[in-house]
Amino acid sequence: MTGEKAKKEYQTDGNSPLVSVIMPAYNAERTLAASAQSVLSQSLEDLELIIIDDGSKDGTAMVCGELAAQDERVRFIKQTNAGPAAARNAGLAGARGEYVTFVDSDDLIEKGMLASLVEAVRSSGADVAVCGAAAEYPGSAEKNFEIRLGTEGLFYGSERKKLFDLPWMTIFLSGWGKLFRRSIIEQKALRLNTEYRITEDTDFVMRYLENCSGVHLVDECFYRYVQANGNSLTSVKDPEALRAAAYNIRARLACLMQKWGVCSEEANGRADEYLYGQLNSAVFIKLRGNSQTGEKLRFYKQSFEEKGFKAYLSHGKLSSRILGMGFLPALLYTKVHGAYLRLRGRA
């Protein structure tokens, strides 16, 4: 849909914007302006951008003030540091749009994203629209790649079982690249759980999906997931919290399958793969950290109590296979790998 067509078909009453874009920011002075501009230059202009400064210690507040002065669609909320969940909740509390989407302050969105997602929801009657993403790693040896959905259209009823086959299970595992109906968020009193510092957006998405009848997929990489700001809201990784969050999300997936009536061996297998993948990351982070060796051993043994985890590692890439060989080989590998990254300036 073109921007002009979007403006004609989807104008609101003039008092409330069509879309509320919620953008939490923490120490984001280097990336915030570009991220905000990608929102404000959307072909669909009937929007509000709510920026929440989560107690930043740099010049984020100054950038917010400048953006608000330049464009009346920008609203600026400043709060003491309370974490990403609280920041997004502050944005939800102030949102006025018919639809809501989340954009991180170090990410970018393509010009036609909002118009396309609004068109998808309104044309099909879906309760949420989802697009793909492009992962970008500026200044890093990591390779950029696309997260495509591989299919398009409305998924309703038993058809939703197919959503568990999506690459990366994108529909479930992130808050970005989605357009939500604010009416459902408010009717069901949905907010992000402030007790979570990791995957808090995933938990929110899962609870929202439990109240969805239809999901519309748009197979375009409209969202640009940029990993450049080391102080961003999503960069801190605590292995204990990551492991606990993984079990929470696995339980949420089970609830969602039950709610949708799509329980199957295949769907459960994909959900287990998510859990094992997160456990893999948690163990790797723990062994690379500064904990005492005994604490690392305890964490390693506890993680391998999960049935199926070792078999999952045996079919993974080299680092995963080494993790599954035993504690000492895994510990040695993570030390060598960490030294290698430090040598290249990437640790």
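None of the values given here were measured: they were computed from a predicted structure.
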*Are S320 and K317 close enough that some pair of their side-chain heavy atoms sits under 4.5 Å apart?*
yes
*Do S20 and Y99 have side chains that get closer than 4.5 Å, going by heavy atoms?*
no
*Any chance CZ of F76 has more than 12 other-residue heavy atoms, nucleotides or ligands included, within less than 6.0 Å?*
yes
*What residues, two or more places apart in sequence or in another chain, satisfy side chain to side chain contact (heavy atoms under 4.5 Å, CB included) together with S38?*
L108, I109
_Residues forming a ring-ring contact (aromatic ring centres under 6.0 Å, His included) with F309, sequence neighbours excluded_ = F304
*Drop me the distance from L253's CG to M206's CE, to the nearest 0.5 angstrom.*
3.5 Å
Indicate every side-chain donor-acceptor pair of residues 186-195 with a distance under 3.5 Å to a residue at least two apart or in another chain.
residue : atom : partner : partner atom : Å
E186    : OE1  : R191    : NH2          : 3.4
E186    : OE2  : R191    : NH1          : 3.3
E186    : OE2  : R191    : NH2          : 3.2
N193    : OD1  : E195    : N            : 2.9

*Does G55 offer a backbone N or O that forms a donor-acceptor pair with the side chain of N81 under 3.5 Å?*
no
*Heavy-atom check, side chain of K178 versus side chain of T101, under 4.5 Å*: no
*Could you please spell out the steps behind the side chain to side chain contact (heavy atoms under 4.5 Å, CB included) verdict for I249 and L173?*
CA-CA 9 Å; I249 298 306; L173 304 182; 4.2 Å; yes
*After noting the C-alpha distance and the side-chain angles of D104 and Y223, does the key distance pass the side chain to side chain contact (heavy atoms under 4.5 Å, CB included) rule?*
CA-CA 10 Å; D104 285 348; Y223 195 94; 3.9 Å; yes
*Heavy-atom pair with the smallest gap, counting every atom of A90 and Q79*: CB-OE1, 3.6 Å
*asked:* Give me each pair satisfying salt bridge (Lys or Arg N to Asp or Glu O under 4.0 Å) with a member in residues 67-86, each pair once, sequence neighbours excluded.
replied: E48-R75, D53-K78, D71-R73
*Please round to the nearest 0.5 Å and tell me the distance separating atom CG of L114 and atom CG of D46.*
10.5 Å
*Between Y208 and R181, is a side-chain hydrogen bond (donor to acceptor under 3.5 Å, both in side chains) present by the stated rule, with each step listed?*
CA-CA 10 Å; Y208 182 91; R181 291 186 183 271; 5.7 Å; no
*Between E110 and Q42, which heavy-atom pair has the shortest distance, and what is it?*
O-NE2, 2.7 Å
*What residue pairs, at least two apart or across chains, pass side-chain hydrogen bond (donor to acceptor under 3.5 Å, both in side chains) with a residue in residues 239-250?*
Y196-N248, D203-N248, E240-K286, R243-Q302, R243-S303, Y247-E306, R250-N268, R250-D272
*asked:* Main chain of T60, side chain of E29: is a donor-acceptor contact present, judged purely on distance under 3.5 Å?
replied: no
*Aromatic ring proximity F284/Y300, centre distance under 6.0 Å*: no
*Counting heavy atoms not belonging to Q258, are there more than 12 under 6.0 Å from its CD?*
no
*Quick one: does E210's side chain get under 4.5 Å of W260's, heavy atoms only?*
no
*In Å and rounded to the nearest 0.5 Å, what is the CG to CG distance from N27 to L32?*
11.5 Å
*Please identify each residue that fulfils ring-ring contact (aromatic ring centres under 6.0 Å, His included) with Y312, with sequence neighbours left out.*
Y276
*Hphob cluster co-occupancy, L166 + V130, side-chain heavy atoms under 4.5 angstrom*: yes
*Between the main-chain N or O of D219 and the side-chain N or O of R148, is there a donor-acceptor pair closer than 3.5 Å?*
yes
*Might you point out which heavy atoms bring A134 and C221 nearest each other, and give the distance in Å?*
N-CB, 4.1 Å
_Linked, directly or transitively: L323 and L331 (ILVMFWY side chains, under 4.5 Å)_ = yes
*asked:* Please evaluate residues Y225 and F145 with respect to the criterion ring pair (Phe, Tyr, Trp, His ring centres under 6.0 Å), reporting the C-alpha separation (whole Å), side-chain torsions for both, the decisive distance (0.1 Å), and the verdict.
replied: CA-CA 10 Å; Y225 180 65; F145 62 93; 8.7 Å; no
*Taking R96 for its side chain and S16 for its backbone only, find out whether a donor-acceptor pair lies under 3.5 Å.*
no
*ILVMFWY cluster, V336 and L318 together (side-chain gap under 4.5 Å)*: no
*Taking every non-hydrogen atom, the tightest pair across L117 and C131*: CD2-CB, 4.1 Å
*Tell me, do V262 and L163 make a side-chain contact under 4.5 Å, heavy atoms counted?*
no
_Do I198 and L287 land in one hydrophobic cluster if side-chain heavy atoms of ILVMFWY residues count as linked below 4.5 Å?_
no
_Residue among L179, V205, L209, I184 satisfying side chain to side chain contact (heavy atoms under 4.5 Å, CB included) with V128_ = L209
*Look at the side chain of K296 and the backbone N and O of G289, then say whether any donor-acceptor pair between them is shorter than 3.5 Å.*
yes
_Over all atoms of both residues, closest heavy-atom pair of F222 and S116_ = CZ-OG, 3.5 Å
*What do the steps show when you test V218 against E152 for side chain to side chain contact (heavy atoms under 4.5 Å, CB included), and what is the final call?*
CA-CA 5 Å; V218 178; E152 282 197 329; 4.1 Å; yes
*asked:* One pair to check against side chain to side chain contact (heavy atoms under 4.5 Å, CB included): V100 and V19. What are the steps and the verdict?
replied: CA-CA 6 Å; V100 169; V19 179; over 6 Å; no
*Verify, without hydrogens or angle tests, whether T31 (side chain) and S105 (backbone) share a donor-acceptor contact under 3.5 angstrom.*
yes
_Pairwise distance CG(L18) to CD(E45) - rounded to 0.5 angstrom_ = 12.0 Å
*Side-chain touch I77/I51, heavy atoms, less than 4.5 angstrom*: no
*Is there side-chain contact between V215 and L154, with heavy atoms separated by less than 4.5 Å?*
no
*Consider only side-chain heavy atoms of I, L, V, M, F, W and Y, link residues closer than 4.5 Å, and tell whether L242 and L275 are in one cluster.*
no
*Mind checking the CG-CD1 spacing from D238 to I285? Nearest 0.5 Å is all I need.*
8.5 Å
*Does any non-hydrogen side-chain atom of K161 lie less than 4.5 Å from one of S264?*
yes
*Taking the six-membered ring for Trp, is the centroid-to-centroid distance between F102 and W176 below 6.0 Å?*
no
*Between Y274 and F172, does the ring centre distance come in under 6.0 Å?*
no
_Pairwise distance CZ(F155) to CZ(R160) - rounded to 0.5 angstrom_ = 12.0 Å
*Short question: side chain of S56, backbone of D58 - any donor-acceptor pair under 3.5 Å?*
no
*Of all heavy-atom pairs between R321 and S314, which one has the smallest distance, and what is that distance?*
CD-O, 3.6 Å
*Is the closest side-chain donor-acceptor distance between D107 and S35 under 3.5 Å?*
no
